[in-house]
Amino acid sequence: MQLDELKKSMSTLEQVLAKTNTEIKINVAVSETAQTKILKKFRQGAISCLILAVVFAASAIGGINPHSFPIGLKIYLVVYLLLGAIWYNIMFLKLRHINVAALPPAKLFSQTAKLRLFLIYGEIVFGIGIVILFTLLFPNAWAHNRFGFWAMVVTLVIAVVYGIIHILPQYIRLFRELNSIKE
């Protein structure tokens, strides 16, 4: 299945390279729909990060479960989530300023490629931050709350699998639709 998608992408790329900007037509309706859906995902991500930051800040201030989840890690998580919300807002603003209907195809492809690259960089940086958090959190959870430790492990595995199977393909499809051209 991936080979067929790769062949189709290569065929589309060859068509794009064979034509000039005046011959290529962007499918504006599909692109604008994809842009709206991606903007919605970025907005939801920012709001989720802010809500979780408030929850963990309240947890740190209230001193809830300080042994298995120390206050220092809660503060780290609050800062991490606030940075995530800022990052989602930057992504939202960058994508919102792309005018699909007015840009020439080459410029649209360039801007969306930069946006995808920025998205990947952010995901890598925030992925490293999550790895650091869980590296520091797991020993405390194991020592003070075995059930909590196993609940975190199971939840983390489910989240990773869900992200790979469901969320990542959605982003890939939406970014392809953002650059859709009329055949």
Side-chain angles (χ1 to χ4, degrees), residues 30-100 103 107-141 145 148-179:
V30 173
S31 294
E32 286 179 343
T33 302
Q35 184 180 23
T36 303
K37 288 178 181 179
I38 296 170
L39 286 171
K40 181 181 176 185
K41 287 186 177 295
F42 289 160
R43 189 174 39 250
Q44 287 173 340
I47 291 170
S48 298
C49 285
L50 287 174
I51 290 171
L52 288 172
V54 168
V55 167
F56 283 105
S59 174
I61 291 169
I64 298 173
N65 204 6
H67 296 293
S68 59
F69 199 167
I71 292 175
L73 291 179
K74 289 177 188 171
I75 293 170
Y76 171 84
L77 190 56
V78 168
V79 170
Y80 174 84
L81 288 167
L82 290 175
L83 289 174
I86 291 168
W87 178 71
Y88 273 119
N89 282 327
I90 290 170
M91 295 295 295
F92 179 86
L93 292 173
K94 283 182 175 284
L95 181 59
R96 192 178 73 184
H97 289 297
I98 295 176
N99 188 350
V100 174
L103 286 176
K107 186 75 172 172
L108 176 66
F109 296 157
S110 172
Q111 285 187 356
T112 56
K114 287 178 187 175
L115 188 69
R116 279 187 290 204
L117 192 60
F118 190 60
L119 182 66
I120 291 169
Y121 287 156
E123 293 292 333
I124 290 170
V125 168
F126 287 112
I128 291 169
I130 283 288
V131 168
I132 291 169
L133 173 73
F134 281 109
T135 301
L136 297 172
L137 182 60
F138 277 160
N140 289 328
N145 188 354
F149 171 81
W150 288 112
M152 279 192 308
V153 169
V154 168
T155 304
L156 188 59
V157 168
I158 290 171
V160 168
V161 169
Y162 179 75
I164 291 171
I165 291 174
H166 184 69
I167 295 173
L168 185 62
Q170 282 183 349
Y171 272 109
I172 291 170
R173 181 183 49 80
L174 287 173
F175 271 103
R176 282 188 185 145
E177 289 176 3
L178 188 60
N179 286 334

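A distance of 5.5 Å separates CZ of Phe126 from CG of Leu83, quoted to the nearest 0.5 Å. Summarising the geometry, atom CD1 belonging to Ile75 is positioned 13.0 Å from atom CZ belonging to Phe56; distances are rounded to the nearest 0.5 Å. Atom CZ of Phe92 is separated from atom NE2 of His97 by 9.0 Å, given to the nearest 0.5 angstrom. In this structure, CZ in Arg176 is found 10.5 Å from CZ in Arg173, a value given to the nearest 0.5 Å. Atom CD of residue Gln111 and atom CG of residue Leu103 lie 5.0 Å apart, to the nearest 0.5 angstrom. Atoms CG and CZ, on Leu95 and Phe175 in that order, are 6.5 Å from each other to the nearest 0.5 Å.
Here Gln35 pairs with nothing under the side chain to side chain donor-acceptor pair (under 3.5 Å) rule; sequence neighbours left out. With sequence neighbours left out, the side chain to side chain contact (heavy atoms under 4.5 Å, CB included) criterion links Leu50 to Leu82, Ala85. Under the side chain to side chain contact (heavy atoms under 4.5 Å, CB included) criterion, Ile124 pairs with Ile120, Ile128, not counting sequence neighbours. Residues satisfying the ring-ring contact (aromatic ring centres under 6.0 Å, His included) test with Phe138, not counting sequence neighbours, are Phe134, Phe149. Partners of Asn179 under the side chain to side chain donor-acceptor pair (under 3.5 Å) rule, at least two apart in sequence or in another chain, are Thr112. Every side chain to side chain contact (heavy atoms under 4.5 Å, CB included) that Lys37 has, sequence neighbours left out, goes to Thr33, Leu174. Scored by the salt bridge (charged side-chain N to carboxylate O under 4.0 Å, His left out) test, Arg116 finds no partners at all (sequence neighbours excluded). Remark: Tyr88 pairs with no residue by the ring-ring contact (aromatic ring centres under 6.0 Å, His included) rule, at least two apart or across chains. For Arg96, the side chain to side chain donor-acceptor pair (under 3.5 Å) criterion is met by no residue, not counting sequence neighbours.
Residues Leu178 and Ile98 fail the side-chain proximity criterion, which asks for heavy atoms closer than 4.5 Å. With a 4.5 Å cut-off on side-chain heavy atoms, Trp87 and Val125 do not count as touching.
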- Query: Run the side chain to side chain contact (heavy atoms under 4.5 Å, CB included) check on Asn140 and Phe69 step by step: do they pass?
  - Reply: CA-CA 7 Å; Asn140 289 328; Phe69 199 167; over 6 Å; no
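Sequence neighbours left out, not one pair with a member in residues 42-56 passes side-chain hydrogen bond (donor to acceptor under 3.5 Å, both in side chains). Among pairs with a residue in residues 70-81, those fulfilling side-chain hydrogen bond (donor to acceptor under 3.5 Å, both in side chains) read Ser59-Lys74, at least two apart in sequence or across chains.
Across all non-hydrogen atoms, the minimal contact from Ile71 to Ala60 is CD1-O, 4.1 Å.
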In a table with atom names and distances, give each donor-acceptor pair under 3.5 Å that connects a side chain of residues 157-172 to protein atoms at least two apart or in another chain.
from   : atom 1 : to     : atom 2 : distance (Å)
His166 : NE2    : Gln170 : NE2    : 3.1
Gln170 : OE1    : Lys41  : NZ     : 2.6

